[in-house]
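Presented below is the structure to which this report refers.
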Amino acid sequence: MKTIIITGPSGSGKSYLSKKISKSFNNSIVIKTDSYYKDNIFIKFLSIFQYDIYDRPISFMKNEIKKTIRSIHNKERLISFYKYDFKRKDSKRSKVSINYEGDSQFLILEGIFAHRLDLNYKETINIVCEEEKQICFKRRLKRDQSERGRGTSEVFNKFDKSWHLFYENVQKYLNYYKVFSISTLDKVSYNKLVEKLLNEKKIN
């Protein structure tokens, strides 16, 4: 099973792209790093004073997401997935039955931490979503207000810090591995990506 990494700054279209790819390749399995945030008292306390806590690796369950990835690669039938409620700051685990369809199936890891999981990124298909900062902010504002109950000033503070943190930490990934950069608004680059993924399926 080939693994696709989709990372990018907040609001760059990661979730949109992962949904689009999973529709084009309908047997794909999607894991969102946003679903693996910690809900312990320590993180909840830090989040009161530190706007960018959820943009730092300390806030998410790295070991748990790696367990999920290993279980899928081992083709276990019942897989533990997590879902995080941003309004309640609460995490729930559930067991999901997976139907595997051969080695040509894609596992999609999507989120701001997808490139920071200490995986073998030489063996993965690496994608970075890139978009203008103002466009990303507008997307983030709309999402956070409707889905996460946040006000405009809170979103602005969180977004600005998360933007700088992402680009501060992504450089090593960009320098060391083959990365496909894409704007989700650009149909040409998406078609090139689909062509690349089709070639990967043929190889596998």
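We count residues from 1, following the sequence as given.
- Lys32 places no side-chain N or O within 3.5 Å of a backbone atom of Gly111 that could act as its donor or acceptor partner.
- Legend: residues meeting side chain to side chain donor-acceptor pair (under 3.5 Å) with Thr33, ordered by chain and number and at least two apart, are absent.
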Inset, instruction - Walk me through it: do Tyr37 and Ser47 pass the test side-chain hydrogen bond (donor to acceptor under 3.5 Å, both in side chains)? - result: CA-CA 12 Å; Tyr37 280 117; Ser47 70; over 6 Å; no
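- Sequence neighbours left out, the pairs with a member in residues 63-72 that pass salt bridge (charged side-chain N to carboxylate O under 4.0 Å, His left out) are Glu64-Lys67.
- In this structure, the salt bridge (charged side-chain N to carboxylate O under 4.0 Å, His left out) partners of Lys62, at least two apart in sequence or on a different chain, are Asp118.
- In this structure Asp39 satisfies the side chain to side chain contact (heavy atoms under 4.5 Å, CB included) test together with Lys44, Tyr84, Asp90, Ser91, sequence neighbours excluded.
- With sequence neighbours excluded, no residue forms a side chain to side chain donor-acceptor pair (under 3.5 Å) with Lys178.
- The environment of NZ in Lys19 is sparse: at most 12 heavy-atom neighbours from other residues, nucleotides or ligands sit within 6.0 Å.
- How far OG of Ser10 is from CG of Asp55: 7.0 Å, rounded to the nearest 0.5 Å.
- In this structure, the salt bridge (charged side-chain N to carboxylate O under 4.0 Å, His left out) partners of Asp52, at least two apart in sequence or on a different chain, are Arg56.
- Every residue two or more places apart in sequence or in another chain that forms a side chain to side chain donor-acceptor pair (under 3.5 Å) with Ser183 is listed here: Glu131.
- With Tyr121 contributing its side chain and Leu117 its backbone, the two residues share a donor-acceptor pair below 3.5 Å.
- Residues passing the salt bridge (charged side-chain N to carboxylate O under 4.0 Å, His left out) test with Arg116, sequence neighbours excluded: none.
- Qualifying side chain to side chain donor-acceptor pair (under 3.5 Å) partners for Asp144, counting only residues two or more places apart in sequence or in other chains: Arg140, Arg150.
- Applying the side chain to side chain contact (heavy atoms under 4.5 Å, CB included) criterion to Lys196, with sequence neighbours excluded, gives Ile125, Phe180, Glu200.
- Nearest heavy-atom pair across Leu107 and Met1 is CB-SD, 3.7 Å.
- A donor-acceptor pair shorter than 3.5 Å can be found between the side chains of Glu110 and Ser15.
- For the side chain to side chain contact (heavy atoms under 4.5 Å, CB included) test, residues two or more places apart in sequence or in another chain that qualify with Asn99 are Arg77.
- Close placement of the Tyr36 and Tyr82 rings is indicated, their centers lying within 6.0 Å of each other.
- Looking at residues two or more places apart in sequence or on another chain, you find a side chain to side chain contact (heavy atoms under 4.5 Å, CB included) between Tyr176 and Lys172.
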